[in-house]
A.B. asks: 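To start, I am sharing the structure in question, which I have written as structure tokens.
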Amino acid sequence: MDTPDGDRVGGIEKIKAVRIEKLEKLTEAGVNPYPYRFEVSHKVEDVARLETELTEAETVVALAGRVMALRGHGATTFGHIEDRSGRLQFYARKDALGPDSYKNFKLVEVGDMIGIRGNVFRTKTGELTVRVGEYEVLSKAIRPLPEKWHGLQDKELRYRQRYVDLIVNPQVREIFEKRSRLIHTMRRYLLDRGYLEVETPILQPIYGGASARPFMTHHNALDLDLYLRIADELYLKRLIVGGFEKVFEFCKDFRNEGVDRSHNPEFTMMECYSAYEDYMDYMEMVEDMMRVVATELGEDGKITYQGNQIDFNKPWRRVRFFEALEEATGVDFRSMEENVILDAAARYGIETGKIATPAKGLDLIFGEVVEPQLLQPTFVYDYPKALSPLAKDHRSKPGLVERFEPFIGGFEVGNAFSELNDPREQRRRFEEQAAMRSRGDEEAQVVDEDYLRALEYGMPPTAGLGLGVDRLAMIFTDSRSIREVLFFPQMRPE
RNA sequence: GCGCCGCUAGCUCAACUGGUAGAGCAGCUGACUCUUAAUCAGGAGGUUCGGGGUUCGAGUCCCUGGCGGCGUACCA
């Protein structure tokens, strides 16, 4: 188009200029392109559900949404309007709206938000349609939507401009609706069982509860270095000491580590703790909770993840850590002998140079050899003590702790144990971690004196669990990457 | 971090071993009162991710930077 100074303008600027021109024409005709409200009577899905009674009573319905398609034929226009519940055809006629109103209607474009009022009928081809008696422009869009047929494919654009992705890719909206239902179902499950939902600090002077490198920040007024939490575990257990007995929190955690298809620097965990229970009780709870979730989100308690059917109706497989390792490798590692572990690690192509301790070596072998095979829901339990500084000693097996991890679809989705509540033993474990830290292990945990003080007041026997909400969302939405289940995954700035 | 691949019109994609940057959709003009990936006719739209180099000539080859994807490492 020609701008006032005569320069030729192309590309997106031209497209925007044309849309703004239409907006200005509407304004000149007395139409506010950004009005304040619109009285909605029905959602799209309501119209479909109530079709018979709406048509019999000749009810005028009022719908609002985004124009997703337009097909003009001179004095009539067909199109589709989309709201959060779906997409519905509308039909506007010049003779019904009048010449002026129809002329303005022609200034409505794909991507604009409009409200329409009219009654419901079926066209001769059988499509449910609203006959537009009146309409209002609710918001004029001055950028075009991506192509109607292929939508938005470019992953970078999809993640950076998630709003556009959500407008044009309905399956993306479904993923996030499912994620929301997952969280809702878990929350409901816990509330129904007497758990109290709590909130604990994200800014922490000492970070703990997991092995990871933290993000650091600074509070100016207190002149205090603070860490963004890597877990809320130690705070929730302080609340157990305080007498709440059953608590949970959906917590955003932050870990200063790499980004890949199963890791985002901020992610969501659900941690819960229950007094007077142990890790066996929690295995049953996880099994039951996931069955409830799968019933809600899957088909008959079954889902498909990356081509594998996963059945949550059956009891989970339970296998001890060392048994799982022996089954997969043919080697018995119970002796924890360093050369046995190093030999095996080398056989599976693990760089033995980075194996700081025997336990670390086992962890790596497990991750390499066992974990990918655990497609069906599986509990791996009774881990070596050295990997678990916050878990309670096994009641009968020296060197082990009462800990389990649930696996689904080849992913670790959580971590649970009978919580260590002996303050003197906890102090010894922290000191071991501190020693590892001084030897250069940046992920070793930090001594938390206040947490020890809390334990000294007495914490009941307690079961604790953390579930990776993003990982579960991936599994229940059949998503290959964590970015598909986060609205705004971490990206470098444009 | 490292390796491989990618980045061309608003979007989805073409362009052989270096030889005039194209198509579809969207948008624009016109026709059209039950269409639905509407149709028909016409026209418009480009910093080929940025910078540098080789060459008579670079979307294409080389160097460098940016962003992304996938894999790998650390991790949940």
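In what follows, chains carry the letters A, B, and so on, assigned in the order in which the sequence lines appear, proteins first and then strands, with residues in each chain numbered from 1.
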A.B. asks: So what does Gly258(A) hit on the nucleic acid, given a heavy-atom distance under 4.0 Å: a base, only sugar-phosphate, or nothing?
C.D. replies: base
A.B. asks: Short of 4.0 Å, heavy atom to strand atom, which residues of residues 475-494 of chain A count as contacting RNA chain B?
C.D. replies: Arg480(A), Arg483(A), Met491(A), Arg492(A), Pro493(A)
A.B. asks: Just compare C74(B), U35(B), A44(B) and give me whichever is closest to any side-chain atom of Thr123(A).
C.D. replies: U35(B)
A.B. asks: Would you kindly give the CD-to-P distance between Gln89(A) and A37(B), to the nearest whole Å?
C.D. replies: 10 Å
A.B. asks: Between Tyr383(A) and Phe321(A), does the ring-ring contact (aromatic ring centres under 6.0 Å, His included) criterion hold? Intermediate values first, please.
C.D. replies: CA-CA 6 Å; Tyr383(A) 281 72; Phe321(A) 180 77; 4.8 Å; yes
A.B. asks: Assess, by modelled atom type and distance only, whether the side chains of Glu197(A) and Tyr195(A) contain a donor and an acceptor separated by less than 3.5 Å.
C.D. replies: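 Looking only at side-chain atoms, Tyr195(A) and Glu197(A) do not form any donor-acceptor pair under 3.5 Å.
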A.B. asks: Among A73(B), U35(B), C67(B), which nucleotide has an atom closest to any side-chain atom of Arg160(A)?
C.D. replies: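 Nearest listed nucleotide: C67(B).
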A.B. asks: Work out how far the C1' atom of U48(B) is from that of U8(B), and round it to whole angstrom.
C.D. replies: 4 Å
A.B. asks: Where the side chain of Arg255(A) is defined as all heavy atoms beyond and including C-beta, which of C34(B), C67(B), A76(B) is the nearest nucleotide?
C.D. replies: A76(B)
A.B. asks: What nucleotide, of U33(B), G10(B), C67(B), holds the atom closest to the side chain of Ile15(A)?
C.D. replies: G10(B)
A.B. asks: Check every strand shown and say whether Asn415(A) touches a base, only sugar-phosphate, or nothing at a heavy-atom separation below 4.0 Å.
C.D. replies: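 The residue Asn415(A) makes no contact with any strand.
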A.B. asks: What is the nucleic acid contact for Arg19(A), judged by heavy atoms within less than 4.0 Å: base, sugar-phosphate only, or nothing?
C.D. replies: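 Nothing, no nucleic acid heavy atom in range.
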A.B. asks: If only side-chain N and O atoms count, and only distance matters, is there a donor-acceptor pair under 3.5 Å linking His150(A) with Gln153(A)?
C.D. replies: no
A.B. asks: Within the structure shown, what part of the strands sits under 4.0 Å from Asn256(A) by heavy-atom distance: base, sugar-phosphate, or nothing?
C.D. replies: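 No contact.
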A.B. asks: Side-chain donor-acceptor pair under 3.5 Å between Asn264(A) and Arg483(A), yes or no?
C.D. replies: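 No - no donor-acceptor pair under 3.5 Å links their side chains.
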A.B. asks: When you get a sec, tell me which of G10(B), A38(B), C11(B) is the closest nucleotide to the side chain of Pro144(A)?
C.D. replies: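 Within the option list, the nearest is G10(B).
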A.B. asks: Are Phe379(A) and Tyr279(A) near enough that their ring centres are under 6.0 Å apart?
C.D. replies: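 Not close enough - the centres of the two rings lie 6.0 Å or further apart.
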A.B. asks: How many whole angstroms separate atom CG of Leu128(A) from atom P of U35(B)?
C.D. replies: 17 Å
A.B. asks: In terms of side-chain heavy atoms of Lys148(A), which of U35(B), C25(B), A73(B) is nearest?
C.D. replies: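 The closest nucleotide is C25(B).
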A.B. asks: Check the distance between C34(B)'s C1' and Asn119(A)'s CG and give it to me in whole angstrom.
C.D. replies: 15 Å
A.B. asks: If you assign each of Thr76(A) and Glu368(A) to its closest nucleotide in RNA chain B, which residue comes earlier from the 5' end?
C.D. replies: Thr76(A)
A.B. asks: Side chains of Thr200(A) and Glu249(A): donor-acceptor distance under 3.5 Å anywhere?
C.D. replies: yes
A.B. asks: Looking just at side-chain N and O atoms, do Ser418(A) and Glu402(A) make a donor-acceptor pair shorter than 3.5 Å?
C.D. replies: yes
A.B. asks: Taking N or O atoms only and anything under 3.5 Å, show me the protein contacts with nucleotides 12-14 of chain B, one pair per line.
C.D. replies:
unit_1	atom_1	unit_2	atom_2	d
U12(B)	OP1	Gln153(A)	N	3.0
U12(B)	OP1	Asp154(A)	N	2.9

A.B. asks: Do Leu420(A) and Leu390(A) have side chains that approach each other closer than 4.5 Å (heavy atoms only, starting at C-beta)?
C.D. replies: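 No. Closest side-chain heavy atoms not under 4.5 Å.
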A.B. asks: Please determine if a side-chain N or O atom of Lys124(A) lies less than 4.0 Å away from the OP1 or OP2 oxygen of U35(B).
C.D. replies: yes
A.B. asks: What interatomic distance, in whole Å, is found between P of A9(B) and the corresponding atom of C34(B)?
C.D. replies: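 After rounding to an integer number of Å, I get 38 Å for this pair.
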A.B. asks: Regarding Phe121(A), tell me which of base, sugar-phosphate or nothing describes its non-hydrogen contacts under 4.0 Å with the strands shown.
C.D. replies: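 Base contact - Phe121(A) has a heavy atom under 4.0 Å of at least one base atom.
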A.B. asks: Of the options Phe312(A), Phe411(A), Phe176(A), Tyr305(A), which is the one that meets Phe476(A) in a ring pair (Phe, Tyr, Trp, His ring centres under 6.0 Å)?
C.D. replies: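 Of the listed options, the one satisfying the test is Phe312(A).
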A.B. asks: Tell me which one of Val380(A), Ile365(A), Val319(A) satisfies side chain to side chain contact (heavy atoms under 4.5 Å, CB included) with Leu325(A).
C.D. replies: Ile365(A)
A.B. asks: Rounding to the closest angstrom, what is the interatomic distance between U29(B) and C11(B) at atom P?
C.D. replies: 22 Å
A.B. asks: To the nearest angstrom, how far is Arg87(A) atom CZ from A37(B) atom P?
C.D. replies: 12 Å
A.B. asks: Distance between the C1' atoms of A73(B) and A37(B), in whole angstroms?
C.D. replies: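 Taking atom C1' in both A73(B) and A37(B), they lie 46 Å apart.
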A.B. asks: Could you state the atom-to-atom distance from OH of Tyr159(A) to P of G68(B) in whole Å?
C.D. replies: 12 Å
A.B. asks: Dot-bracket for RNA chain B, please, read 5' to 3', with Watson-Crick or G-U wobble pairs under 3.5 Å on both distances, ( ) within the strand, [ ] crossing, | other strand, . unpaired.
C.D. replies: (((((((..((((.....[..))))..((((.......))))......(((((..]....))))))))))))....
A.B. asks: For A38(B), does OP1 or OP2 lie under 4.0 Å from any side-chain N or O of Arg71(A)?
C.D. replies: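 Answer yes for this pair, as a side-chain N or O of Arg71(A) is under 4.0 Å from OP1 or OP2.
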A.B. asks: When the distance from NZ of Lys106(A) to P of C32(B) is rounded to whole Å, what number comes out?
C.D. replies: 11 Å
A.B. asks: CD of Glu156(A) versus P of C70(B): gap in Å, rounded?
C.D. replies: 12 Å
A.B. asks: Taking the P atom in each of U64(B) and C5(B), what is the distance between them to the nearest angstrom?
C.D. replies: 15 Å
A.B. asks: Please give the distance between the C1' atoms of U54(B) and G42(B) as a whole number of Å.
C.D. replies: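 Those two atoms are separated by 44 Å.
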A.B. asks: For the side chain of Glu127(A) and the base of U35(B), is some donor closer than 3.5 Å to an acceptor across the two?
C.D. replies: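 Answer no: no donor N or O sits under 3.5 Å from an acceptor.
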A.B. asks: Mind calculating the distance between CZ (Phe105(A)) and P (U33(B)) to the nearest angstrom?
C.D. replies: 16 Å
A.B. asks: Has Phe267(A) got its ring stacked on A76(B), by the test of a centre gap below 5.5 Å and a plane angle below 30°?
C.D. replies: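 Yes; by the centre-distance and plane-angle rule, Phe267(A) counts as stacking on A76(B).
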A.B. asks: Please state whether the rings of Tyr102(A) and Phe105(A) are parallel, tilted or perpendicular, taking 30° and 60° as the class boundaries.
C.D. replies: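 Answer is parallel, since the angle falls under 30°.
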A.B. asks: About how many Å separate CG of Asn415(A) and CG of Leu467(A), when rounded to the nearest 0.5 Å?
C.D. replies: 9.5 Å
A.B. asks: Using heavy atoms to find the nearest nucleotide of RNA chain B for Thr129(A) and Pro146(A) separately, return the residue whose nucleotide is more 5′.
C.D. replies: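 The answer here is Pro146(A).
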A.B. asks: Look at the side chain of Ala75(A) and decide which nucleotide, out of U33(B), U35(B), A73(B), has an atom nearest to it.
C.D. replies: U33(B)
A.B. asks: Under the salt bridge (Lys or Arg N to Asp or Glu O under 4.0 Å) test against Asp112(A), which residue among Lys140(A), Arg66(A), Lys106(A) passes?
C.D. replies: Lys140(A)
A.B. asks: Looking only at side chains, do Ser211(A) and Glu443(A) share a donor and an acceptor under 3.5 Å apart?
C.D. replies: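 Side-chain D/A pair, Ser211(A) to Glu443(A): absent.
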